[in-house]
Amino acid sequence: MRVNVLFFASLKEDLGCAEIELQLSELASRADLFDCLTNELGSARVAPLFAENVSIAINQSIEKGEFTLQSGDEVAFLPPITGG
Amino acid sequence: MRVNVLFFASLKEDLGCAEIELQLSELASRADLFDCLTNELGSARVAPLFAENVSIAINQSIEKGEFTLQSGDEVAFLPPITGG
Amino acid sequence: MQKEDFSLSEEYEKCCVAAGPECGAVATFTGLVRQFEVSTSVSGLHLEHYPGMTEKSMENIVAKARNRWSLQHVRVVHRIGVLEAGSQIVLVIVASSHRPDAFAACEYIMDFLKTEAVFWKKEIRSDGEIWIKSTSHDYERRDGWAGEPSATVKRW
Amino acid sequence: MQKEDFSLSEEYEKCCVAAGPECGAVATFTGLVRQFEVSTSVSGLHLEHYPGMTEKSMENIVAKARNRWSLQHVRVVHRIGVLEAGSQIVLVIVASSHRPDAFAACEYIMDFLKTEAVFWKKEIRSDGEIWIKSTSHDYERRDGWAGEPSATVKRW
């Protein structure tokens with residue numbers, strides 16, 4: 001299945017891209033997502049995504065624990081928000 | 001000496017006047033002021049001035065205790081202020 | 001102090017110019033004549049002041065706020081006379097580098113205006129005219145500012 | 001959410017109309033891009049958002065404020081993109097029957113916008129561009145709103 005992954009703010013700059021489309025197996029887990037990103041972008045480039053203060057949003061809701069992805073999900077990596 | 005006395009808000013309405021000029025002796029006290037007002041306006045009319053929550057300002061400064069008046073002083077009777 | 005209405009927009013423009021490039025926060029408060037008090041309809045408000053003493057009382061409140069916070073600009077406009085329901089009564093604008101100072105000073109000035117500024121208000125109601133009294137809540141709010149600022153932010 | 005500038009004056013007029021005859025208090029807050037941060041000159045701010053999620057985060061903050069206080073009108077306008085020093089960033093307008101609710105809700109909304117609204121800010125400085133971080137002070141202010149309102153008014 002195809003899943004769209006978005007990067008914001010400093011992560012967008014660190015990774016040098018705002019968006020990537022991944023090919024994942026059905027019900028891919030958090031670990032599957034990170035593996036696939038590492039394969040696509042290389043381990044040096046994805047390092048900032050592993051930082052403790054980076055949040056993951058699935059379909060615009062923060063997911064702190066485990067999750068499984070479904071086709072068409074929108075995944076986003078968010079650095080700490082700094083507010084309005 | 002002549003002293004100008006002002007009445008504000010509800011006191012102005014109760015007494016039916018905004019301002020009265022009194023003829024007082026030099027260094028007239030708080031008691032002299034009330035005596036003179038009673039003579040001029042009658043005891044019924046001045047009764048509201050004796051209320052505990054009425055303040056007296058001499059030259060635009062509240063005077064809570066005793067005072068002596070001097071020629072040209074501006075005396076004002078103020079009901080409790082209700083603010084802006 | 002003025003009989004005429006004021007313009008928030010004009011005062012805000014002036015404030016931004018006066019406050020300069022270090023200004024990051026502008027808090028404003030506008031008080032209006034409410035048309036209803038509890039179940040009584042109010043057609044207007046009569047605001048009386050003591051020329052000279054009222055100005056002094058307001059300058060004193062602003063000076064205390066300027067002394068307590070770091071402010072770039074403060075402006076208080078107060079109307080007097082007869083004001084219809086819906087009219088603007090009072091405007092406070094405060095500019096500061098930082099949000100907490102702007103909010104605190106604006107609220108402080110309003111709390112002291114309500115208790116220490118020399119004004120008397122009469123409501124013009126459907127059932128007659130009545131001089132209104134300060135509420136104990138107004139005094140509690142003012143007294144909440146007593147003492148030194150503490151390190152902890154406390155709300156209510 | 002908009003790239004364009006906003007007008008305090010227009011939003012205030014709309015607020016007074018929308019709030020109706022029981023409105024007695026309008027509090028506003030405008031945040032501006034400061035030209036200096038400590039000793040560094042700032043020429044502008046870049047504000048990034050997450051379309052959809054940012055709007056939801058702001059609606060959630062306003063809903064919490066409306067739930068907590070009795071408010072007649074609330075409006076939040078937030079700009080995005082590159083904003084020069086001196087530009088307006090954010091506007092919050094709150095109308096209520098009474099002053100304490102208007103002030104508290106306006107400050108509450110700003111405190112939560114600063115910590116929970118989905119925005120990222122980059123300062124464009126003379127010495128380069130830098131993504132800014134929330135300060136612990138912002139979180140303390142937000143956490144000051146936790147719990148039930150107490151009977152006593154506490155200030156700082």
Side-chain angles (χ1 to χ4, degrees), chain B residues 1-22 24 28 30 33-34 37 41 44-84, chain C residues 1-2 6 29-33 37 45-62 76-81 83 88-92 106 108-123 128-139 141-142:
Chain B
M1 64 175 188
R2 298 204 155 268
V3 165
N4 217 26
V5 182
L6 310 175
F7 307 108
F8 285 95
S10 58
L11 292 176
K12 179 165 68 182
E13 291 181 353
D14 290 342
L15 273 72
C17 79
E19 190 168 350
I20 187 172
E21 203 184 52
L22 298 181
L24 289 165
R30 181 183 276 263
L33 172 67
F34 275 92
L37 281 164
L41 299 166
R45 212 164 146 206
V46 297
L49 302 181
F50 287 84
E52 214 187 329
N53 60 13
V54 167
S55 302
I56 297 178
I58 314 289
N59 300 323
Q60 309 198 342
S61 268
I62 301 287
E63 288 294 344
K64 289 190 174 161
E66 280 308 318
F67 52 77
T68 52
L69 296 174
Q70 295 185 308
S71 183
D73 276 352
E74 180 179 282
V75 177
F77 283 84
L78 314 178
I81 56 174
T82 44
Chain C
M1 209 83 51
Q2 56 187 52
F6 52 78
F29 179 84
T30 310
L32 306 161
V33 182
E37 281 304 329
L45 206 60
H46 173 86
L47 264 142
E48 188 169 328
H49 77 303
Y50 181 174
M53 190 169 176
T54 303
E55 286 85 339
K56 267 199 289 188
S57 67
M58 289 169 67
E59 284 158 16
N60 186 36
I61 292 166
V62 171
V76 179
V77 186
H78 211 296
R79 294 178 71 193
I80 49 171
L83 305 176
Q88 302 184 125
I89 309 171
V90 59
L91 172 67
V92 178
C106 189
Y108 175 96
I109 289 170
M110 273 311 302
D111 286 350
F112 279 79
L113 277 180
K114 284 279 175 185
T115 48
E116 302 199 346
V118 178
F119 287 103
W120 299 275
K121 287 192 216 169
K122 189 163 64 170
E123 276 176 10
E129 299 188 354
I130 183 163
W131 288 99
I132 56 182
K133 295 181 170 63
S134 283
T135 67
S136 61
H137 190 64
D138 284 328
Y139 287 101
R141 290 181 62 83
R142 179 198 62 185

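Throughout, protein chains are lettered first and strands after them, A, B, ... in sequence-line order, and every chain is numbered starting at 1.
H49(C) contributes atom NE2, which lies 14.0 Å from atom CD1 of I81(B) (distance to the nearest 0.5 angstrom). Here the OH atom belonging to Y50(C) is positioned 3.5 Å from the CD atom belonging to E74(B), to the nearest 0.5 angstrom.
Under a cut-off of 6.0 angstrom, the local environment of NZ in K56(C) is crowded, with over 12 non-hydrogen atoms contributed by other residues, nucleotides or ligands.
Heavy atoms of L6(B) lying under 4.5 Å from chain C belong exclusively to its side chain. Neither the backbone nor the side chain of H46(C) has a heavy atom closer than 4.5 Å to any heavy atom of chain B.
Looking at heavy atoms from C-beta onward, Q60(B) lies out of side-chain contact with V118(C) at the 4.5 angstrom threshold. Residues K122(C) and T82(B) have side chains not in contact (no heavy-atom distance under 4.5 Å, counting atoms from C-beta outward).
The backbone N or O of F8(B) sits nowhere less than 3.5 Å from a side-chain atom of W120(C) that would complete a donor-acceptor pair. Side-chain atoms of E48(C) do not come within 3.5 Å of backbone N or O of S10(B) as any donor-acceptor pair.
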